[in-house]
Amino acid sequence: WVEEDAPDVLCLQETKCGGPAVPPEVRDLPGLPHQFWASAEGRPGYSGVGLLARTEPLNVTYGIGDPEHDAEGRVITAEFPSLFVVSAYVPNAGRGLVRLQPRIRWDSAFLLFLKGLDARKPVLLCGDLNVAHAEIDLCHPKANRASAGFTPEEREGFSRLLGEGFVDSFRMLYPEARGAFTFWTYLGGARARNVGWRLDYVVVSQRVARDVCDSKIRSGALGSDHCPVTLYMAA
């Protein structure tokens, strides 16, 4: 699927492995020779993100500059001539919301990080942001008001991001689209019935939103409980 889609930049989340453990079929993907990997320190099989690029970035950084979160290998930022691309795997609040408070702290720290980038050049944030922002973004909103990914605190965190000069590219183009989900639990045939959540986003700086040509949810791409999302931008 990746070879057919031929992206200029491919962002991966929840990779669960460090660079040396990346499978050879990923290492050898045609057209994506510049590869960067982050993984959780001392926790094999946990978290992790990757960023693969057709052209070499000017600079690559890891983390958000916050010691509480950076050991979990959740963010890679690649600087290109006209923008930053951020691959992010946002922490889950956890079953029973046991990690809700760390997640709230993450949202604040991550917003500061993104604003710092945005002050230098536009930002393209791609990843599993672990939040369904509005009721339209999940199949059963009423039953999930106290569930991780749909708490008022997490939704407000995403609202603050949008209020600071960032745009949810999919909702900008498809404000009324229903059933547009990117995650389905493996249980109960949820994907076949499209009982899902929209947790994966491409968020862009407001000033480059006009350059967005399309933002697609690729629900036909199988192989995970999430599906890819694709952003097309004018050069």
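Residues take their numbers from the sequence shown, with the count starting at 1.
Side-chain contact check for Asn194 and Trp184: at least one donor-acceptor pair (N or O, by modelled atom type) lies under 3.5 Å. One side chain, Ser87 or Gln13, offers a donor N or O that lies under 3.5 Å from an acceptor on the other. A donor-acceptor pair shorter than 3.5 Å cannot be found between the side chains of His34 and Thr55. Thr182 and Arg198 share no donor-acceptor pair across their side chains, judged by distance under 3.5 Å alone.
Close placement of the Tyr201 and Phe158 rings is indicated, their centers lying within 6.0 Å of each other.
Two residues are said to be in side-chain contact when any heavy atoms from C-beta on lie closer than 4.5 Å; Val9 and Arg54 fail this criterion. A heavy-atom distance below 4.5 Å is found between the side chains of Leu111 and Arg160.
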Inset, instruction - Could you please spell out the steps behind the side chain to side chain contact (heavy atoms under 4.5 Å, CB included) verdict for Val85 and Thr77? - result: CA-CA 6 Å; Val85 177; Thr77 302; over 6 Å; no

Legend entry - Verdict with reasoning, Arg145 to Glu135, per side chain to side chain contact (heavy atoms under 4.5 Å, CB included): CA-CA 10 Å; Arg145 297 197 187 282; Glu135 292 193 356; 2.6 Å; yes

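Taking CD from Glu72 and CH2 from Trp106, the interatomic distance works out to 8.5 Å, rounded to the nearest 0.5 Å. Considering CD of Glu154 and CD1 of Ile104, their distance stands at 7.5 Å, rounded to 0.5 Å. For the atom pair CE (Met233) and CG (Asp8), the distance works out to 11.5 Å, reported to the nearest 0.5 Å.
A side-chain donor-acceptor contact under 3.5 Å links Gln35 to the backbone of Arg27. In terms of modelled atom types and a separation under 3.5 Å, the side chain of Ser205 and the main chain of Val123 share a donor-acceptor contact. Panel note: side chain Arg74, backbone Glu14; no donor-acceptor pair is recorded below 3.5 Å. A donor-acceptor pair under 3.5 Å is formed between the side chain of Lys121 and the backbone N or O of Phe80.
Ring orientation note: the planes of Phe150 and Trp197 are nearly perpendicular, at an angle over 60° on the 30°/60° scale. Ring geometry for Tyr174 versus Phe170: interplanar angle of 30 to 60°, hence tilted.
Under the side chain to side chain donor-acceptor pair (under 3.5 Å) criterion, Asp211 pairs with no residue at all, not counting sequence neighbours.
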